[in-house]
S.K.: 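I have a structure here, written as structure tokens, and I will follow up with some questions on it.
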Amino acid sequence: MRGLIVTPSVPDSARLAEDLPEPDPAEGSVLVEGLAVGVCGTDRDIVAGHYGSAPPGARDLVLGHESLGRVIADDAGVLAPGELIAGIVRRPDPVPCPNCAVGEWDMCRNGRYVECGIKQRHGFARQRWRVEPDFAVRIDPGLGLLGVLLEPASVLAKAWDHIERIGTRARWEPAIALVTGAGPVGLLAALLSVQRGLDTHVFDRVADGVKPDLVRHLGATYHTGQLRDAGLSPDVVLECTGADSLIVEVLDIVAPGGTICLTGVSAGGRRLAVDVGQTNRDIVLENNVIFGSVNANRRHWAAAADALARADRAWLASMVTRRTPLTRFGEALHKGDNDVKVVLDLTT
Ligand SMILES: [Zn+2]
Ligand SMILES: [Zn+2]
């Protein structure tokens with residue numbers, strides 16, 4: 001069978017494998033037909049040789065962590081043939097650490113977790129894969145191909161879960177949310193914000209293309225230019241760019257008692273002059289919280305599946321700006337100016 005493989009640490013080694021072995025029954029009782037995988041910056045980083053590792057003893061890694069598949073059979077009898085599912089990306093470390101021991105592998109303390117298509121476990125960019133029922137998440141059948149958005153949505157469901165847990169430290173009635181970045185992560189953050197009834201604002205560098213319309217169709221407000229000029233005082237900020245100058249700006253405008261959730265991974269290596277004393281003073285005197293968030297556990301995947309099922313299908317569909325056959329994976333790995341989410345079709 002076909003799949004997309006890479007040799008981690010070797011730049012530009014992504015290639016189509018025509019004779020991949022059938023998935024090992026040790027990967028789980030559920031045999032799945034791979035329908036699609038979403039492509040994101042993590043995949044591009046792995047292909048560039050910056051990130052990722054193969055399973056122990058293997059040279060190559062099957063790519064793909066944003067999965068969509070259809071159940072062929074489940075030897076354990078939990079899932080029925082024909083069900084649409086996604087496979088959870090991260091698997092708990094074997095020790096396990098206190099968090100992995102209770103299913104909170106997104107908060108793993110020792111870093112010995114594995115991740116499908118990223119770290120030491122094969123991914124989903126292949127025509128058939130296997131998964132344990134405990135790591136399979138059902139997708140509303142009406143979503144069809146749009147179910148491929150479940151993995152990125154799970155990351156934002158976790159971010160919102162933690163924002164709300166932080167909020168309950170005191171009385172908390174958030175009204176305004178700011179999302180920085182209108183890529184797939186930012187747009188899904190904004191979707192979950194609108195679903196919570198918040199007055200949602202999205203800031204991005206670009207002034208045209210599909211992003212402003214996607215934000216407006218969601219019922220949110222789009223901003224570009226200088227963030228300060230927007231005159232916002234958000235109770236919640238979801239920073240989805242990792243851009244250093246923007247992080248400094250959101251620190252400045254967050255409302256008293258407000259929370260900033262950082263989800264973007266910055267490149268590093270650039271220095272910015274920041275008045276740490278003044279920043280500290282502002283954070284203390286306004287009870288602000290700044291925290292980082294990554295990955296998702298099963299509870300978050302379930303919340304994300306609910307959120308996608310409730311979302312407007314036409315809106316979700318307009319997020320998928322390109323659908324590329326597996327055989328033309330090179331085009332999918334190249335990010336175009338007007339791309340939001342690019343999906344690799346495993347069935348063609
Ligand atoms: Zn991703
Ligand atoms: Zn752990």
Side-chain angles (χ1 to χ4, degrees), residues 4 6 8 14 34-48 50-53 61-69 86-125 129 134-135 137 139 145-159 181-189 191 238 240-242 263-265 293-301 304-305 308 316 319-324 329 332-335 339-344 346:
L4 179 58
V6 64
L35 298 178
V37 291
V39 177
C40 77
T42 301
D43 299 301
R44 295 188 186 99
D45 274 356
I46 294 170
V47 170
H50 301 321
Y51 200 61
S53 46
L61 172 74
V62 178
L63 261 180
H65 58 277
E66 302 183 6
S67 62
L68 174 69
I88 289 178
V89 176
R90 188 179 287 190
R91 308 302 167 87
D93 81 72
V95 174
C97 74
N99 287 71
C100 285
V102 295
E104 292 190 342
W105 51 76
D106 57 314
M107 301 293 287
C108 182
R109 301 277 295 275
N110 62 21
R112 290 180 61 189
Y113 57 81
V114 298
E115 290 177 331
C116 299
I118 301 173
K119 182 175 185 272
Q120 295 170 5
R121 189 167 169 136
H122 287 313
F124 304 104
W129 41 271
D134 282 353
F135 292 93
V137 183
I139 290 168
L145 178 81
L146 302 172
V148 79
L149 297 170
L150 184 55
E151 192 279 338
S154 74
V155 173
L156 281 316
K158 186 258 181 85
V185 174
L187 288 167
L188 289 167
L191 169 69
L238 278 125
C240 304
T241 69
T263 69
V265 181
S293 181
V294 72
N295 200 255
N297 65 42
R298 188 166 180 106
R299 188 177 76 243
H300 305 128
W301 281 79
L308 289 188
L316 291 175
M319 263 187 73
V320 178
T321 46
R322 226 158 23 102
R323 194 174 158 178
T324 307
F329 66 90
L333 289 168
H334 178 80
K335 193 173 190 301
D339 280 329
V340 178
K341 175 55 73 183
V342 177
V343 170
L344 205 50
L346 303 176

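Just follow the structure's listing: the first ligand is 1, and inside any ligand the first atom is 1.
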S.K.: Pull up every protein N/O/S atom sitting under 2.8 Å from the Zn ion (ligand 1), skipping waters.
M.R.: Cys40 SG, His65 NE2, Glu66 OE2

S.K.: Can you find a heavy atom in the side chain of Leu61 that is under 4.5 Å from one in the side chain of His122?
M.R.: yes

S.K.: Do Leu238 and Leu156 have side chains that approach each other closer than 4.5 Å (heavy atoms only, starting at C-beta)?
M.R.: yes

S.K.: If you round to 10 degrees, what value do you get for the angle at the Zn ion (ligand 2) between Asp93 atom OD2 and Cys108 atom SG?
M.R.: 110°

S.K.: Report yes if some heavy atom in the side chain of Glu151 is under 4.5 Å from a heavy atom in the side chain of Trp301; otherwise report no.
M.R.: yes

S.K.: Would you say Ile118 and Arg90 make side-chain contact, with heavy atoms under 4.5 Å?
M.R.: no

S.K.: Return the orientation label for the Trp129 and Phe124 ring planes: parallel under 30°, perpendicular over 60°, tilted otherwise.
M.R.: perpendicular

S.K.: Quick one: list whatever passes salt bridge (Lys or Arg N to Asp or Glu O under 4.0 Å) with Asp93, sequence neighbours left out.
M.R.: none

